[in-house]
Amino acid sequence: MSQKYREYKQLNLTDIEKEIREKWQKGNTFRQSLKEREGNKPYIFFEGPPSANGKPGIHHVMARTIKDIFCRYKSLKGYYVSRKAGWDTHGLPVELGVEKNLGITKEDIGKKISVDEYNAECRKTVLQFKDLWDKLTEQMGYWVDLDDPYITFTNEYIETLWWLLGEIYKKGLLYKGYTIQPYSPAAGTGLSSHELNMPGCYRDVKDTTVVAQFKIKEQQSKKNAILTQYVKDITKAYFLAWTTTPWTLPSNTALAVGPNIDYVVVESFNPYTSEPITVFLAKNLLYSHFKKENENKDFSEYNKGDKEIPFKVLAECKGKELIGIEYEQLMPWIQPMESEGEAFKVIGGDYVTTEDGTGIVHIAPTFGADDARVAKLANIAPLHLLDKNEKTQPMVDKTGKFFLIEELDEDYVNKYVNKELYKEYAGRFVKNAYDSNLTDKDTSLDVDLCVMLKQQGLAFKIEKHTHSYPHCWRTDKPVLYYPLDSWFIRTTAIKDRLIELNKTINWKPQATGTGRFGNWLENLVDWNLSRSRYWGTPLPIWRTEDGKEEICISSVKQLSEEIEKSIKAGFMTENKYSSSNYDDFDLHRPYIDSVILVSQSGKPMKRETDLIDVWFDSGAMPYAQRHFPFDCTEEELKQHFFPADFIAEGVDQTRGWFFTLHTIATMVFDSVAFKNVVSNGLVLDKNGNKMSKRLGNAVDPFEMMNKYGADATRWYMISNSQPWDNLKFDPDGIDEVRRKLFGTLYNTYSFFALYANIDGFCYKEKDIPIAERPEIDRWILSELNTLIINVDKAFNEYEPTRAARLISSFVDEYLSNWYVRLCRRRFWKGEYSSDKISAYQTLYRCLEVIAKLSSPIAPFFSENMFINLNSVTNRENHSSVHLTDFPTADENLIDKALESRMQMAQKICSLVLSLRKRHNLKVRQPLASIMIPCDDKTQSEIEKVRNLILSEVNVKEIKYLSLQNNVLSKNIKANFKVLGPKYGPMMKSIAKAISEFAQSDIAKIEIEGKYTLNIEGKEIELALTDVEITTKDIEGWVVANEGNLTVALDVTITEDLKKEAVARELVNRIQNIRKDSNFDVTDNIIVELQEEDLLKASCEQYKDYICNETLTRELILKPSIDNPTTQIDVIEDRQLDIRITKC
RNA sequence: AGUCGCGUAGCUCAGUUGGUUAGAGCACCACACUGAUAAUGUGGGGGUCGGCAGUUCAAGUCUGCCCGCGACUACCA
């Protein structure tokens, strides 16, 4: 039975893909591919869960293509690659989506809508675009198990999270703490960094700023050398510190200096009160606060109120010499509590700069993240108040105003608050925007405070300052940095281990691992887990009211047991969590909030109302996707599911998913979570702008795939730039890939199919031994095997771009434009000989290997080609290319010498063609000879590819010229790489001397092998290896050269050559006419020609050739032709009649 | 603002340990070829290798500073 290779009318990638998709579906090919590798060594892959409440974009095609490539590749290499899909279902975007749909805000939750209903709504919408995602997955050919995905909102998933949190808790790494967070008083809610980075959130605002004078305590002068030595009047000594938020000054408890920054002690006068002062500030900033021209002016000439204020630098010192000096509280309204630490002294701060301000930073630990950090390190107390409920509070309440005295604890007020001073400001909003009774035109608290300081002689400079400041996207009002209670994971405790383990991870690109991720780890802060939200994983911690007793629940079973205890204690009446059927209950809010547990000492414990960061959800997926440790033992986990060999996501996940995976794995299992990670860059639009729905430049992945096909889209994205570079997405580029790669491959396949079908080639014959195959076959097979090695290596090193480019240049340059072009004749000419079989076998092998090599990147086209080939030959017992083994290179077939001489042949041909072009000699005009000057070795190499060159460039003979021949003129150039290190500075003169060599000098060094130069009085002996000699011209020939290769062409056209040219022209015209007349390739014809002398001579001499080429049975020349088919122009300046008929 | 990455032809990208005419594809122009024809070849135009300094005999390549773009981290006096 001789089945035919499938032939196509034209290339249609989308049709092919549709057909293949159906085939996969019918044959369950993905499952099959897993099944066949079952029991093999696993290659563990984690799917980063996308959120299905948004539509997929083109960048998802990018990320998923990368994932797919390596999973498919490893599958071909024999690994068992299980790929569980997943859905990220919690978190802020979901909630915001719901709020938008329902037209509510967070404040309405619990009022207009119950938490229960709200969460139900979230659950409903969270997978709203799942179908679209599934469609994308299928259409782009991403193989992942969609039937059994992990979903983060399930009770099982949450239970694993609780277990992990329990482990972390047991290790003492989970704690409750205070942190400064962006907070919107107007909205009454904390804001995530995500919310803060929304467009338009940062706006320039004009604030009143003040450089305040912090008075140094008088008794300090005895303790500090600087003060003792340089400050004349300690009662007038101040630190200068700048703030853009004067309302934080009453909360000041320290000043920070840069330990290595230079400071100066300056004697001068206060600009507002003209009182004499001695102040400290950074040396670099001296002249931003004092006019240079007033330096060292006579103090006695200064009169009160003068604008020009003289000053004098008394001394200089380093910041560290100032550390420890105490100062008087600037606004002594409220004292910090001693129990919380020291106050009002100078401390060191690593973040202090001298870019603006005074180089001395006012520290209010309750309102600045950096402030809080350095204060804590230096044991500085934050300024805390105690409210009626005995809770510590910052000076500002959650609505954005200073606490009223009556809201505070009475004992506390008596002890710490100066009521006289404070009452004037108590209740004031720190920004007018928070007070509904005020507008921007009203005096702000900041201004009032500045005026007060001015009157007290404690303000050095008051001015307006414009800076960018974040605003709440919901209320449009400025954000406050505010301390909030949060639960933290003490990641800083395992920092060293995180860094150590990170060094074992193979990052692509490496810089992301060492740089972005490495830096992130170096500057690690504790992980703030808390989110005051509704739809997410609840924090499984229950606490007594006083916070002294608490429990961290690690499983549903434990929860149920604790509830039982609680029922006994009378805090609860029923246990909804006792069922072993996880569908019977819900671990989400609000249900979980109604669980009240009992403490050791018998007190009720309520759940901490926080949810946990959704990033914990995704970082826990290696375990939660298997419901570890409840449905999966640690042994199973470590054997089959953890850690991952490979993950891939966008580079924006570095501090997201990559970090949480790494941290949880390190904390709980002391292991990396992934061994190899590819982080891809962004997909930008063709102009390099970020894609966004708002700008309307977002590319619809479905549109692209419908138009160009998934394979072309995938190939384009992978081959165009390295995955980690940003991709400027241009649809024209996809089209180029379609034409260039798939078009060429399609043409090559079609060519093969056309002739293989005619000849009935089904690869039935035994492989022709390699030694019996012609040079060109051995060459392409050598290149093919080299390609296998290189592509294998590229995939193995996670370099998909390299793999894609290697394949595509092989297909284009080697296979199509050289092998097939040069071998065309072998396929359509002559008998079904061993040479022809060799050609078929060789081309078949190439196509088969290309199908396999490219299958990870272009799964559809490669599949189609493989099936088309294999269904005729049945060489492989596989129904899909994705079920085959990755090709192994046969190193015996690799012949580097052959590869390089073929390259030389291509170069020679290209030179000859360029000579023909330059001299207007058509390739159809045969020429007598070319001449190549070269050594014996090169000559014997060229001899082996002689015939290829001759037929390609239509020349009769190659002549060689020994290099010593005196008809050659030569060029000589210094070999910089050899001479440079030897002679260094003399290089220039030597190079010049060499370039000035006469032909005789060149001959001399060639013959004697050395040459002595005299440069700058020194004798320099040159060896032959110190120079590069190339041939330039050959007397009497037309010559072209490239590198060290020179080719000369004999352009003489003899009478014989002319006749042959005519014969070839004639063949060409007849072929064209055959084609135009739609004759079949195998039809025999009769040709009648109008007589002409040269044509006649040509036809006589080349009759056999002409007839053979064109399947002409009779070639008749006669004076005139009846009914000519057309006219031809084979003879210069003549149009001759021709008539062609089938016979 | 800090950290990281990127910057080479109109566009998309290569460019080895520094070594002397900086390459390819696309696009454009011209010419050719044609039993693969929506393919192909040859030639041409097109470059201050982001800028400036430095190291070196020699810098697209190494160093520093600056500019532009992007990401991340912050928004801090």
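Note on naming: letters A, B, ... go to the chains in the order of the sequence lines (proteins, then strands), and numbering restarts at 1 for each one.
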Considering only atom [atom1], compute the distance from [N] to [M] and round it to an integer number of Å.
N     : M     : atom1 : answer
B:U61 : B:U20 : P     : 14 Å
B:G45 : B:A39 : C1'   : 25 Å
B:U8  : B:C69 : P     : 14 Å
B:G15 : B:G60 : C1'   : 8 Å
B:C28 : B:A74 : P     : 48 Å
B:G64 : B:G5  : P     : 11 Å
B:G7  : B:U63 : P     : 14 Å
B:U40 : B:G50 : C1'   : 37 Å

Is there a side-chain polar atom (N or O) of [X] under 4.0 Å from OP1 or OP2 of [N]?
X      : N     : value
A:R821 : B:U40 : no
A:T744 : B:A39 : no
A:K982 : B:C57 : no
A:R739 : B:A27 : yes
A:K728 : B:U12 : yes
A:N817 : B:U40 : no

Given RNA chain B, 5'-ward residue of the pair A:L979 and A:D730, judged by closest heavy atom: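 The residue closer to the strand's 5' end, by nearest nucleotide, is A:D730.
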
Residue whose closest nucleotide on RNA chain B lies nearer the 5' end, A:W818 versus A:M986: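 Taking each residue's closest nucleotide, the earlier one in sequence belongs to A:W818.
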
Watson-Crick or G-U wobble partner of [N], both distances under 3.5 Å:
N     : result
B:G70 : B:C4
B:C31 : B:G41
B:U21 : none
B:C62 : B:G54
B:C76 : none
B:C26 : B:G10

As a test of reading the structure: which of [options] is closest to the side chain of [X], going by heavy atoms?
X       : options             : answer
A:L913  : B:A14, B:G35, B:G41 : B:G41
A:E736  : B:C57, B:G25, B:A38 : B:G25
A:M987  : B:G19, B:U40, B:A14 : B:G19
A:Q1071 : B:G19, B:G35, B:A39 : B:G35
A:K740  : B:G19, B:G41, B:U40 : B:U40
A:K977  : B:A36, B:A14, B:U17 : B:U17

What is the distance from [atom1] of [X] to [atom2] of [N], rounded to the nearest Å?
X      : N     : atom1 : atom2 : answer
A:K988 : B:A59 : NZ    : P     : 8 Å
A:Y481 : B:A74 : OH    : C1'   : 8 Å
A:K9   : B:A39 : NZ    : P     : 20 Å
A:W507 : B:G5  : CH2   : C1'   : 14 Å
A:F751 : B:U40 : CZ    : C1'   : 13 Å
A:I908 : B:U42 : CD1   : P     : 15 Å
A:I734 : B:C26 : CD1   : C1'   : 15 Å
A:R805 : B:A14 : CZ    : C1'   : 7 Å

Across the strands shown, which category fits [X] at heavy-atom distances under 4.0 angstrom: base, sugar-phosphate, nothing?
X       : value
A:S750  : nothing
A:V978  : nothing
A:S816  : base
A:E813  : nothing
A:G980  : base
A:N1068 : sugar-phosphate
A:P981  : base
A:Y755  : sugar-phosphate
A:G733  : nothing

Side chain A:T358, main chain A:L240, donor-acceptor under 3.5 Å: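 Checking the backbone N and O of A:L240 against the side chain of A:T358, a donor-acceptor pair under 3.5 Å is found.
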
Donor-acceptor under 3.5 Å (A:K461 side chain, A:V211 main chain):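 No; zero donor-acceptor contacts below 3.5 Å.
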
Test of ring centre spacing under 6.0 Å for [X] and [Y]:
X      : Y      : result
A:F214 : A:Y238 : no
A:F729 : A:Y716 : yes
A:F367 : A:W247 : yes
A:F827 : A:F751 : yes

Gap separating the CG atom of A:N1072 from the CG atom of A:N1068, nearest 0.5 angstrom: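 One finds 4.5 Å between CG of A:N1072 and CG of A:N1068.
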
Verdict with supporting geometry, A:N954 and A:R1064, side-chain hydrogen bond (donor to acceptor under 3.5 Å, both in side chains): CA-CA 11 Å; A:N954 198 13; A:R1064 292 186 68 135; 3.0 Å; yes

Ring pair (Phe, Tyr, Trp, His ring centres under 6.0 Å) between A:W715 and A:Y708, intermediate numbers included: CA-CA 11 Å; A:W715 197 284; A:Y708 302 103; over 10 Å; no

Base of B:G35 paired with side chain of A:R1074 (donor-acceptor, under 3.5 Å):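 Yes, the side chain and the base share a sub-3.5 Å donor-acceptor pair.
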
